[in-house]
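Notes follow the structure.
Source: prediction; values computed, not measured.
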Amino acid sequence: MSLKRTFQSLKLAALFGGMLGLGFGCVITFDDLEPCDSGSNNHKKDNGECECNAFHDWCDPDDPDNLNCCETDIGDTGDDDPSGDGDGDPTGDGDGDGDGDETGDGDGDGDGDGDGDTGTLPPENCLPEEENALWCTHDESMGPEGSQLFICMNGEWVEDDAYLDSECQFSGWDFAYGCVDDGTQVVPICGDGSGEVCEDSEPASCIDADVLAYCDLGKETWKSCFELCTVDGVDGETFEYGECDESIPDDIACFCCDSGDPGCPI
């Protein structure tokens, strides 16, 4: 039976222990911070001074006795918009999404492909208590495609997407599609294959007699047809044999069969 691409086995989410001493875990927590004597969303510094929690600022900065902190827009990249039109384009050059992307694709991710949302970007600075914490811009509903990973280093959120690939490779995968924040942990989403950037509309191909290559989540993914057919199964059914079938040029897919089936080589 010839399998459509919708039957291909896709990536698996994996929770890994951290390399370089940086463990995946809760991105931000204020449980251990001592609140100030009054106000809200604040905590005491080591010297006893009161400051706002991350992603918050003084509700009334002109009143030193008002220690209430209000939530700020954590999705703001910090770029000014002197035009006041809210489009993130301080130069008035028509960029529109404020990402420095001359294509003006409006997706805000700076790559010109219009593939999605930047998600929630971290503020510029992080607290000492957050050192080595991880921040993923995408939640589970957004998925990993186009996500960005930041690590709190020396008081700043520093982008380091290569860390995700390292984590996945450390655990036996070839690359990372990206990450998601499930509300408790930053989760790397890993896959096997070349990991090269691709379009999901690109047709599948055979790497060899066994391995099918297809585009998933914007990256070239490889899957063993023998494993798909004999181990993973299709619609709950496993087979004795599987191979990558190029006999139909516009429908290259895994071919699964049992001994005695028409066309089955075993």
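Summarising the geometry of G155 relative to E131, their closest heavy-atom pair is N-OE1, 3.8 Å, with the distance given to 0.1 Å. A pairwise comparison of heavy atoms in C136 and S147 identifies SG-CB, 4.2 Å as the closest pair. In plain terms, the two heavy atoms of P123 and W157 that are nearest each other are O-CD1, 3.1 Å. The two residues C50 and L67 have their closest heavy-atom pair at SG-CD1, 4.2 Å. Heavy-atom minimum distance, E130 versus C152: O-CB, 3.1 Å. Across all non-hydrogen atoms, the minimal contact from E145 to H138 is O-CE1, 3.0 Å.
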| message | Assess the residue pair T221 and Y177 against the criterion (side chain to side chain contact (heavy atoms under 4.5 Å, CB included)); give the C-alpha distance rounded to whole Å, side-chain angles, the decisive distance to 0.1 Å, and a yes or no. | response | CA-CA 10 Å; T221 303; Y177 294 100; 2.7 Å; yes

| Chi angles and distances behind the disulfide bond (SG atoms under 2.5 Å apart) call for C69, C59 | CA-CA 5 Å; C69 297; C59 296; over 6 Å; no

| Test log, rule side chain to side chain contact (heavy atoms under 4.5 Å, CB included), inputs W58 and D63 | CA-CA 9 Å; W58 302 115; D63 183 359; over 6 Å; no

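In this structure, the side chain to side chain donor-acceptor pair (under 3.5 Å) partners of N66, at least two apart in sequence or on a different chain, are N68. Taking the ring-ring contact (aromatic ring centres under 6.0 Å, His included) definition, one finds that F150 meets it with nothing, sequence neighbours left out. Taking the salt bridge (charged side-chain N to carboxylate O under 4.0 Å, His left out) definition, one finds that D37 meets it with K44, sequence neighbours left out. With sequence neighbours left out, E220 forms a side chain to side chain donor-acceptor pair (under 3.5 Å) with S194, W222. The salt bridge (charged side-chain N to carboxylate O under 4.0 Å, His left out) search around E227 returns K223, not counting sequence neighbours.
Checked by atom type and distance alone, the side chain of D192 pairs as donor or acceptor with a backbone atom of D174 at under 3.5 Å. Between the side chain of D161 and the backbone N or O of L149 there is at least one donor-acceptor pair closer than 3.5 Å. The backbone N or O of F175 lies less than 3.5 Å from no partner atom in the side chain of D165, so there is not a single donor-acceptor pair.
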Under 3.5 Å, sequence neighbours excluded: what are the donor-acceptor pairs made by side chains of residues 252-264?
| from | atom 1 | to | atom 2 | distance (Å) |
| --- | --- | --- | --- | --- |
| D258 | OD1 | E240 | N | 2.9 |
| S259 | OG | E240 | OE1 | 2.8 |
| D261 | OD2 | D258 | N | 2.8 |

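With hydrophobic clusters built from ILVMFWY side chains whose heavy atoms lie under 4.5 angstrom apart, M153 shares a cluster with L134.
Contact annotation: the side chain of P144 approaches that of L217 to within less than 4.5 Å [non-hydrogen atoms, C-beta and beyond].
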